[in-house]
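Please read these numbers as outputs of a predicted model, since none were measured by experiment.
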Amino acid sequence: MTRIFLTVVGLIYLLLSIWCSVDPASTSRSVGFTLQTGSGQSEFLVIYGGLELALGLIFLWPLWQQEVTRFALVVCVVVHGCLVLFRCISFFVFTGIGSTTYSLAAGEWLIFLISLGFYLSQSELTQKKKIS
């Protein structure tokens with residue numbers, strides 16, 4: 001079940017990477033960014049295209065190498081935990097937040113809570129195995 005969840009998350013990140021790379025003007029506008037020619041475009045492509053591609057590959061990795069499932073799950077918990085933390089801070093610090101940002105926040109919370117649930121349930125199973 002964990003591998004299926006990570007696969008879905010990985011595919012979402014791959015799609016986001018493609019969308020940000022192919023149509024950066026649209027994606028940046030939807031989250032309130034204005035891309036400046038040159039450096040701004042490069043930074044958006046690298047961070048939103050490249051980093052999201054890397055995350056997608058990490059979350060898909062357990063498909064072909066099952067033994068990295070726990071590693072990918074821990075990465076998922078840490079990444080989305082940090083996103084949730086900073087997203088919550090941003091809601092208290094900034095005004096004028098658009099609906100796309102709220103949708104992203106809901107997705108981040110959902111992924112964080114599900115991945116944390118998988119992590120905690122696997123940790124509990126590991127503890128039970130050690131006891132018996």
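Residue pairs that meet the salt bridge (charged side-chain N to carboxylate O under 4.0 Å, His left out) test with at least one member in residues 3-14, sequence neighbours left out, do not exist here. Listed by first and then second residue, the salt bridge (charged side-chain N to carboxylate O under 4.0 Å, His left out) pairs involving residues 98-120 are R87-E108 (not counting sequence neighbours).
Looking only at side-chain heavy atoms (C-beta outward), C76 and F5 come within less than 4.5 Å of each other. Between Y119 and V74 there is a side-chain heavy-atom pair separated by less than 4.5 Å.
In the hydrophobic clustering of this structure, V9 groups with L120; members are Ile, Leu, Val, Met, Phe, Trp, Tyr whose side-chain heavy atoms approach within less than 4.5 Å, directly or through other members. When the side chains of ILVMFWY residues are joined at heavy-atom separations under 4.5 Å, either directly or via intervening members, L104 and L85 end up in two distinct hydrophobic clusters. Hydrophobic clustering (ILVMFWY, side-chain heavy atoms < 4.5 Å, transitive): I97 and V84 are in distinct clusters. Put simply, V8 and F59 are part of two different groups of oily side chains (I, L, V, M, F, W, Y) that touch within less than 4.5 Å, one to the next. V78 and L110 end up in the same hydrophobic cluster when Ile, Leu, Val, Met, Phe, Trp and Tyr side chains are linked at under 4.5 Å.
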Give every donor-acceptor pair under 3.5 Å between a side-chain atom in residues 50-57 and any protein atom, sequence neighbours left out.
none

Taking distance alone, no hydrogens or angles, what donor-acceptor pairs closer than 3.5 Å link side-chain atoms of residues 12-23 to residues at least two apart or in another chain?
from : atom 1 : to  : atom 2 : distance (Å)
Y13  : OH     : H80 : NE2    : 2.8
S17  : OG     : G49 : O      : 2.6
S21  : OG     : S17 : O      : 2.7
D23  : OD1    : S26 : N      : 3.4

Run the side-chain donor-acceptor check on residues 30-47: report pairs under 3.5 Å with partners two or more places apart or on a different chain.
from : atom 1 : to  : atom 2 : distance (Å)
S30  : OG     : T27 : O      : 2.7
Q41  : OE1    : G38 : N      : 2.9

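Shown here are the ring pair (Phe, Tyr, Trp, His ring centres under 6.0 Å) partners of F91, two or more places apart in sequence or in another chain: Y102. Applying the side chain to side chain contact (heavy atoms under 4.5 Å, CB included) criterion to E67, with sequence neighbours excluded, gives Q65. Legend: residues meeting side-chain hydrogen bond (donor to acceptor under 3.5 Å, both in side chains) with S28, ordered by chain and number and at least two apart, are absent. Scored by the ring pair (Phe, Tyr, Trp, His ring centres under 6.0 Å) test, F112 finds no partners at all (sequence neighbours excluded). The side chain to side chain contact (heavy atoms under 4.5 Å, CB included) test applied to I4 returns no partner, not counting sequence neighbours. Residues that satisfy the side chain to side chain contact (heavy atoms under 4.5 Å, CB included) test with L113, not counting sequence neighbours, are W109.
In this structure, L6 and L73 approach most closely via the heavy-atom pair CD1-N, 4.0 Å. Minimum interatomic distance between V77 and L116 (heavy atoms only, all atoms of both residues): CG2-N, 3.8 Å.
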